[in-house]
A.B. asks: 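Below you'll find the structure I mean.
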Amino acid sequence: MFDPTVFDNLKVVIEGYIYDLDLEGKINVIGRSDIVDLASMVRKYLITIEDARKSKRSIIIEMEIPHRELSGELLETNEKPGCYVTVTFCENNGTHEYDELLLKKLKEVGENNIL
């Protein structure tokens with residue numbers, strides 16, 4: 001067994017929240033990738049979701065931890081390890097209502113659990 005890294009902990013929080021919304025029928029998870037790039041020692045996680053109403057809107061949440069952050073955390077040489085989170089909103093119909101709702105929810109999760 002190993003101690004989870006910042007990346008692992010954040011991934012569990014994001015995944016749990018996203019799959020809760022999916023179970024509630026508010027969104028659909030339409031794609032997921034969990035990548036370990038051994039050539040560059042980078043971990044990356046992507047999850048793509050869409051509005052449950054099947055509109056032409058989707059959101060890609062990408063997490064990445066570069067090798068310096070990962071090795072610094074594992075070797076305990078980095079006091080404040082972290083990772084990068086990118087949220088991409090894809091919309092084809094010109095409304096921003098859903099984007100604003102999800103962004104507000106993500107900020108709430110971030111303020112309450114991550115920061």
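Residue numbers start at 1 and run along the sequence shown.
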A.B. asks: How is the hydrophobic cluster of V12 composed, in terms of its other members, when Ile, Leu, Val, Met, Phe, Trp and Tyr link through side-chain heavy atoms under 4.5 Å apart, directly or indirectly?
C.D. replies: none
A.B. asks: Taking all heavy atoms of N28 and all of D22, pick out the closest pair and write down the distance.
C.D. replies: CA-OD1, 3.2 Å
A.B. asks: Do you reckon I14 sits in the same ILVMFWY cluster as I60, going by side-chain contacts under 4.5 Å, direct or chained?
C.D. replies: no
A.B. asks: Should I30 and F89 be regarded as members of a common hydrophobic cluster, given that ILVMFWY residues are connected when their side-chain heavy atoms come within less than 4.5 Å of each other, either directly or indirectly?
C.D. replies: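 Result: no, two separate clusters.
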A.B. asks: Check this for me: R32, atom CZ, are more than 12 non-hydrogen atoms of other residues, nucleotides or ligands nearer than 6.0 Å?
C.D. replies: yes
A.B. asks: Which heavy-atom pair separates G25 from A52 by the least distance, and what is that distance?
C.D. replies: O-CB, 3.0 Å
A.B. asks: Can you tell me how far CD1 of I18 sits from CG of L23, rounded to the nearest 0.5 angstrom?
C.D. replies: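 With rounding to 0.5 Å, CG (L23) is 11.5 Å from CD1 (I18).
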A.B. asks: For a quick test of your reading: what N or O donor-acceptor pairs under 3.5 Å do the side chains of residues 33-40 make, sequence neighbours left out?
C.D. replies:
residue: D34; atom: OD2; partner: K11; partner atom: NZ; Å: 2.4
residue: D37; atom: OD1; partner: A39; partner atom: N; Å: 3.0
residue: D37; atom: OD1; partner: S40; partner atom: N; Å: 3.3
residue: D37; atom: OD2; partner: S40; partner atom: OG; Å: 3.1

A.B. asks: If the threshold is 4.0 Å, N to carboxylate O, is there a salt bridge linking E64 and R43?
C.D. replies: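 No salt bridge links E64 with R43.
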A.B. asks: Does a side-chain heavy-atom distance below 4.5 Å link V29 with T48?
C.D. replies: no
A.B. asks: Rounded to the nearest 0.5 Å, what separates atom NZ in K44 from atom SG in C83?
C.D. replies: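 The SG atom of C83 is 12.5 Å from NZ of K44, to the nearest 0.5 Å.
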A.B. asks: Going from CD1 on I65 to CE on M41, what distance comes out if it is rounded to the nearest 0.5 angstrom?
C.D. replies: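 With rounding to 0.5 Å, CD1 (I65) is 10.5 Å from CE (M41).
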A.B. asks: Could you measure the distance from the CD1 atom of I27 to the OG atom of S58? Nearest 0.5 Å is fine.
C.D. replies: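 Between I27 CD1 and S58 OG, I get 11.5 Å after rounding to 0.5 Å.
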A.B. asks: Using the side-chain contact (heavy atoms from CB on, under 4.5 Å) rule, pick out the option among L21, D20, V13 that qualifies with Y17.
C.D. replies: L21
A.B. asks: Between OG1 of T86 and CG of L46, what distance do you get to the nearest 0.5 Å?
C.D. replies: 9.0 Å
A.B. asks: Is V85 reachable from I59 through a run of hydrophobic residues whose side-chain heavy atoms are each under 4.5 Å from the next?
C.D. replies: yes
A.B. asks: Will you find, in the side chains of E69 and Y84, an N or O donor that is under 3.5 Å from an N or O acceptor?
C.D. replies: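 No - no donor-acceptor pair under 3.5 Å links their side chains.
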A.B. asks: Working to the nearest 0.5 angstrom, can you tell me the gap between M63 CE and F7 CZ?
C.D. replies: 4.5 Å
A.B. asks: Are I47 and V87 in one and the same hydrophobic cluster, where Ile, Leu, Val, Met, Phe, Trp and Tyr link if side-chain heavy atoms are under 4.5 Å apart?
C.D. replies: yes
A.B. asks: Should the heavy atoms of other residues, nucleotides or ligands under 6.0 Å from CD of E24 be counted, would the total exceed 12?
C.D. replies: yes
A.B. asks: Has the side chain of E73 got a donor or acceptor atom that lies under 3.5 Å from a matching backbone atom of V6?
C.D. replies: yes
